[in-house]
Visitor: 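Quick one: the structure is below, and I'll ask about it shortly.
Just follow the structure's listing: the first ligand is 1, and inside any ligand the first atom is 1. Numbers for residues simply follow the sequence, beginning at 1.
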Amino acid sequence: MQGPEMVGPYDRKIWRRNVVGSNSRRSLEQGSEGKEASLSLFSQFVVSSSGEICVDWQKDCLGSTDDKNPAIVLPNQSDELCHFAIDIGGSLVKLVYFSRQTEPPLVCAGSPPRKAAKDQDRAKEAYYEGWRKHPILGGRLHFVKFETAKLNECLDFIQSKKLHCTNLPDSGLFDPSVPGSDEGAIVKATGGGAFKYAEVFKERLGVTFDKEDEMDCLVAGANFLLRAIRYEAFTHLEGHKQFVQIDRDDLFPYLLVNIGSGVSLIKVDGDGVFERVSGTNLGGGTFWGLGRLLMKCKTFDEILELSQGGDNSSVDMLVGDIYGGLEYSKIGLSATTIASSFGKVISGDKDLSDYRREDIALSLLRMVSYNIGHIAYLNALQYGLKRIFFGGFFIRGHAYTMDTISFAINFWSKGEAQAMFLRHEGYLGALGAFLSYDKHDLNALTAHQFVERFPMGAPYAGGEIHGPPIRDLNEKISWMDRFMKKGIEITAPIPMAAPTTTGVGGFGRPLSRALSLRSDSSAALSVGVLHLVPTLESFPLLADPSGYEPNTIDLSDLSEREYWFNILSNTLPDLVEKAVASEGGTDNAKKRGDAFAQAFRAHLTRLSEEPAAYGKLGLANLLELREECLREFHFTDAYRAIKQRENEAALAVLPDLLSELDTMTPTERILALIEGLLAANIFDWGSKACVELYRSGTIMEIYRMSRDKMKRPWRVDDFDLLKKRWIGEGNNTPPKPHKRALLFVDNAGADIVLGVIPFARELLQRGTEVVLVANSLPAINDVVATDIPPIIAEAAKHCDVLRRAAVAGGLLTDAVSSSSESSQESHNESVPALYIVASGSGSPCIDFRQVSSEVAEAAKDADLVVLEGMGRAVHTNFNAKFKCDVLKLAMIKNQRLAEKLLKGSLYDCVCRYEPSQEV
Ligand SMILES: Nc1ncnc2c1ncn2[C@@H]1O[C@H](COP(=O)(O)OP(=O)(O)OP(=O)(O)O)[C@@H](O)[C@H]1O
Ligand SMILES: CC(C)(CO)[C@@H](O)C(=O)NCCC(=O)O
Ligand SMILES: [Mn+2]
């Protein structure tokens, strides 16, 4: 008698949707390490404005200083064949470039697919085919900037990354089947420098500029960002940042105020429909220029930093100065209103050196900001526009600047108009130029197809770009190390900073100037790398997609933030230990572990200073960030060994559990199954309380203890409702079973084996098709889609229903013989199929705005969704409504969550059953 045989999860013949892990949005990140460049080659490490790590190879690079024009050895060069668009302004050069892997992202972390080379080739071919048709598939957009006065740095950057070699004239794209050419690249360029520096680019790089109109680009960039990026626009009042949800269909008209060197005011009525209604020569260049002249500041950020400690009343003439300390209330001017910027200087015979540089800086900042705010308001008034978006790098994510502008708009419009700011502030033009490449069709993508990620350098972002990004793992580790040694200490994020206002932007003096801009300018907003993942979709069963908010806990609340940051910080050492062990505990693994901890702590510190730095912050984002950080340091599955051990232990007792269940009546069984699911959900290595529990007991002991405690009523207990739907009431005919159930599973071990599998088996027995939805990539001890087939194969040895369902779902071959010992299961009845689908996520939570297309496809016929575990059913989606029946099951393994959300206590259970919300 032959046992069931595994079928590789990548066999596309089985079920199109059953391609475990191939569509992970994260799998793109699991690139090979490529050629490892030697560390000693690089001397200086910096971070790009997009948070990428770069090396300053101009400074004494490649070991030999006399080599003036060194050949740059790019680590992972194959990963970085890209193209770009450029905006060369009066002050700054902005570059948007595109990258993608040259290899199809076939491999998902977890157990490696057992796949024949032949299949790999076929899949690769199909991937390239898709690539040719849709060149923007699976790529990333990076944002970097340089000073226009240091154009050479920009040219070097382009050259070092060979960006210009891949802008082929015919397609504007890199085609892996066509050998690259160094000549004749055509690049979309905008801004005045597209004219001024065209010859320089031609000479140095052989690049020809295809010029795009600057205003066209600004508008195209703004429209794109406002539609595609969920957390792009925000208001900023008295230090408080609030993201604004922009309705795609109600975007126009608006006023776009781009504050670059000079200022352009554009009335935007639609895509490509706009008018530049005004402009002002008092702009960012004015501020920077006067700052250099008056305060001898070397950098722009230095002026901003100075202004934080300023008191402008020593420089500005206030209304009170003119009115003898009184206000001019008749016309609504307070005594502290600035009557005349720099006006006080006329009255003494002081020299420049007699004034505090800080005071001058603040006066200057307010002069320029108010003036722009004023002009913006007048134009909004003239054209009847209520919404004003401010872009351009003058804003610099600087709280005080934004407050000042907001205050001005609010003041003059008497609250009628609103100032909004954009996270990608200065990149509008460059992005617009990039969008103007015919073939991209980026505009066709929607918000759920973009994932913005913040690499390890993001917390330090703000530095200038000097060289090629570091891709190589060793370089990353070394960079982290050097950064620490340079004395920019990233400490634990506790205690938390007060709300990060740098002062109230009224006419008075800034009230709070305690927090200074850090010298690395990290007070600015971070712009991440934008990943384009066309395979991600919005989950079709959401009842209210536009009102959907995945996070249950809002981390804009300071005490919540403090609490969770503390937990993440405290559990870090244990995680590092596990991660290092998972990689064999080698010295290299230890180094990576340390670097990971440093990197994650830096993110936490950054976010505790500026919670909205990466967009709206929820617990789910933090948990995902931690996983991404692990992946960045190549910890592919930190809990691999633990998961394996727990799976084995649980599988050993599964047959007994199944037999026990088979002796029960249907009514007893459904209760036992739900109890079992809740009890088994205790195995969660992401919970501090549970990890402590594991120290004192074996898996089975804990599971039994947990089961014994499973007495109803649970904290949230809809069991009676579920039972009614399951077996009906009284003598009435039982309701029809569900057609298809989607089970979003949580942890490995007892959770999946003793909780989910018996429940899935019950569903199958009742005639419900079952789709197990698991992570594409690992997160804590969560089971990954590719982990499940071997578990099912093992379970199927003891259960005929599972075996036949797995065969029907293409997970197992061998439909002929049975090794089942369970005689109670009928062999004649047909059993619906059991499928496994990867969710597209690598997080312990699930965001239903962005799931894999396989999940979206599988959802079409589903009439039951089961969300299991704290991450998926409580941290996220606790309040989510679905178009079909939904069952949310979890054990609460966190004291505060139990108290705050449920007014309960640790280890309380949630069994929430909500019938279809569709009317
Ligand atoms: N690191 C920085 N270095 C220089 N200027 C900065 C920096 N950060 C912010 N700024 C401010 O941003 C302004 C430039 O903004 P931006 O890049 O949007 O304009 P630009 O395209 O160079 O100018 P224009 O569009 O008028 O030609 C500078 O004049 C300065 O006020
Ligand atoms: C000249 C541009 C458009 C170059 O970006 C910009 O600097 C600007 O809008 N300056 C203001 C010029 C005016 O007074 O309208
Ligand atoms: Mn510009």
Visitor: Output yes when the distance from some N or O of ligand 2 to some N or O of Ser261 is under 3.5 Å, and no in every other case.
Guide: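 No; the residue has no nitrogen or oxygen that sits under 3.5 Å from a nitrogen or oxygen of the ligand.
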
Visitor: N/O to N/O below 3.5 Å, does that happen between Ser261 and ligand 1?
Guide: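 Between Ser261 and ligand 1, an N or O pair is found under 3.5 Å apart.
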
Visitor: Does an N or O from Lys145, backbone or side chain, lie closer than 3.5 Å to an N or O of ligand 1?
Guide: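 No; the residue has no nitrogen or oxygen that sits under 3.5 Å from a nitrogen or oxygen of the ligand.
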
Visitor: Counting from 1, what ligand 1 atoms have a heavy atom of Glu214 closer than 4.0 Å?
Guide: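 In order of number, 25 (O).
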
Visitor: Given side chains that start at C-beta, do those of Tyr377 and Asn410 come closer than 4.5 Å, heavy atoms only?
Guide: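 Counting from C-beta outward, Tyr377 and Asn410 never come under 4.5 Å.
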
Visitor: How far is atom 12 (C) of ligand 2 from the closest protein heavy atom, and which atom is that?
Guide: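 Here the nearest protein heavy atom works out to Arg276 NH2, 3.7 Å.
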
Visitor: I'd like to check Thr337 versus Leu318 (side-chain heavy atoms, cut-off strictly below 4.5 Å). Are they in contact?
Guide: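 A side-chain contact is absent here, since even the closest heavy-atom pair is not under 4.5 Å.
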
Visitor: If you have a sec, work out which protein heavy atom is nearest atom 11 (C) of ligand 2 and how many Å separate them, to one decimal?
Guide: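 Of the protein heavy atoms, Thr280 O, 3.2 Å lies nearest.
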
Visitor: Closer than 3.5 angstrom, by distance alone: can the side chain of Lys188 be matched with the main-chain N or O of Lys211 as a donor-acceptor pair?
Guide: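 Such a contact is absent between Lys188 side chain and Lys211 backbone.
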
Visitor: Looking only at distance, does Gly426 have an N or O less than 3.5 Å from an N or O of ligand 1?
Guide: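 Among all N and O atoms of Gly426, none is under 3.5 Å from an N or O of ligand 1.
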
Visitor: Taking 4.0 angstrom as the limit and counting only heavy atoms of Gly284, give me the atoms of ligand 1 inside it, by number and element.
Guide: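 With Gly284 as reference, the close atoms of ligand 1 come out as 29 (O), 30 (C), 31 (O).
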
Visitor: Quick check: Lys94 and ligand 1, any N/O pair under 3.5 Å apart?
Guide: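 Right, the criterion is met.
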
Visitor: I'd like to check which ligand 1 atoms, numbered from 1 as shown, lie under 4.0 Å from a non-hydrogen atom of Gly285.
Guide: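 Listed by number with element: 29 (O).
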
Visitor: Quick one: does Gly90 get an N or O within less than 3.5 Å of an N or O on ligand 1?
Guide: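 Such a contact does occur with ligand 1.
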
Visitor: Considering only NZ, NE, NH1 and NH2 on the basic side and carboxylate oxygens on the acidic side, decide whether Arg227 and Asp271 come within less than 4.0 Å.
Guide: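 Salt bridge flag = yes for Asp271 with Arg227.
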
Visitor: Say whether Met215, considering both its backbone and side-chain N or O atoms, lies within less than 3.5 Å of an N or O atom on ligand 2.
Guide: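 N/O-N/O distance under 3.5 Å: no.
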
Visitor: Heavy-atom contact under 4.0 Å between Gly191 and ligand 1?
Guide: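 In this structure, Gly191 fails to qualify as a contact of ligand 1 - no heavy atom is under 4.0 Å.
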
Visitor: Is the shortest distance from a heavy atom of Phe287 to ligand 1 less than 4.0 Å?
Guide: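 Per 4.0 Å heavy-atom rule, Phe287 does not contact ligand 1.
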
Visitor: Counting only nitrogen or oxygen atoms and a 3.5 angstrom limit, does Phe394 reach ligand 1?
Guide: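 Between Phe394 and ligand 1, an N or O pair is found under 3.5 Å apart.
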
Visitor: Ignoring hydrogens and geometry, is there a side-chain-to-backbone donor-acceptor pair from Ser261 to Ser91 under 3.5 Å?
Guide: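 Confirmed, Ser261 side chain pairs with Ser91 backbone.
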
Visitor: Strictly distance-based, threshold 3.5 Å: is any side-chain N or O of Arg387 a donor or acceptor partner for the main-chain N or O of Tyr254?
Guide: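 No, the answer is negative, given that no donor and acceptor are paired below the 3.5 Å cut-off.
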
Visitor: How far is atom 2 (C) of ligand 2 from the closest protein heavy atom, and which atom is that?
Guide: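 Here the closest protein heavy atom is Glu214 OE2, 4.1 Å.
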
Visitor: For the 3.5 Å polar cut-off, considering only N or O atoms, please tell me whether Gly392 and ligand 1 meet it.
Guide: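 No; every N/O pair is 3.5 Å or more apart.
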
Visitor: Does even one non-hydrogen atom of Gly262 get within less than 4.0 Å of ligand 1?
Guide: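 Yes.
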
Visitor: Answer yes or no for Glu425: is there a heavy-atom contact with ligand 1 below 4.0 Å?
Guide: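 It does not; every heavy atom stays at 4.0 Å or beyond.
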
Visitor: On the 0 to 90° scale, with breaks at 30° and 60°, tag the His142-Tyr97 ring pair as parallel, tilted or perpendicular.
Guide: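 If you compare the ring of His142 with that of Tyr97, the planes turn out parallel.
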
Visitor: Which of the atoms of ligand 2 are close to Ser264, meaning less than 4.0 Å from one of its heavy atoms?
Guide: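 Listed by number with element, the hits are 3 (C), 8 (C), 9 (O).
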
Visitor: Considering the heavy atoms of Gly262, write down every atom of ligand 2 situated less than 4.0 Å from one of them.
Guide: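 Contacts of ligand 2 toward Gly262, numbered from 1: 7 (O), 8 (C), 10 (N).
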
Visitor: Would His424 and Glu232 satisfy side chain to side chain donor-acceptor pair (under 3.5 Å), going step by step from the backbone distance to the final call?
Guide: CA-CA 7 Å; His424 288 81; Glu232 179 64 26; 2.7 Å; yes

Visitor: So, for Phe146 and Phe157, is the gap between ring centers shorter than 6.0 Å?
Guide: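 Yes; Phe157 has its ring centre under 6.0 Å from that of Phe146.
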
Visitor: Considering only heavy atoms from C-beta outward, does the side chain of Leu385 approach that of Lys267 to under 4.5 Å?
Guide: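 In short, these two side chains touch, coming nearer than 4.5 Å.
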
Visitor: So, for Phe287 and Phe300, is the gap between ring centers shorter than 6.0 Å?
Guide: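 Yes, ring centres under 6.0 Å apart.
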
Visitor: Step through it carefully: locate the ring centre of Phe98, locate the ring centre of Phe84, and say whether they are under 6.0 Å apart.
Guide: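 No: the rings miss the under 6.0 Å criterion.
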
Visitor: What atoms in ligand 1 come closer than 4.0 Å to a heavy atom of Arg396?
Guide: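 Once the distances to Arg396 are compared, the set is 8 (N), 9 (C).
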
Visitor: Check ligand 2 against Asn281 and write out every atom of the ligand that is under 4.0 Å from a heavy-atom position of the residue.
Guide: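 Here the atoms of ligand 2 in question are 14 (O).
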
Visitor: Heavy-atom distances under 4.0 Å decide this one: backbone, side chain, both or neither, for Asn258 against ligand 2?
Guide: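 Neither; no heavy atom under 4.0 Å.
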
Visitor: Could you walk me through whether Arg230 and Gln245 pass the side chain to side chain donor-acceptor pair (under 3.5 Å) test, one step at a time?
Guide: CA-CA 7 Å; Arg230 197 168 284 120; Gln245 287 306 305; 5.6 Å; no

Visitor: Can a salt bridge be assigned to the pair Asp301 and Arg396 using a cut-off of 4.0 Å between side-chain N and carboxylate O?
Guide: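 Yes, this pair counts.
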
Visitor: Do Phe411 and Tyr370 have side-chain heavy atoms sitting under 4.5 Å apart?
Guide: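 No, too far: nothing below the 4.5 Å cut-off.
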
Visitor: Pick whichever of Phe300, Tyr427, Trp288, Phe146 has a heavy atom sitting closest to atom 8 (N) of ligand 1.
Guide: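 Selected option, by shortest heavy-atom distance: Phe300.
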
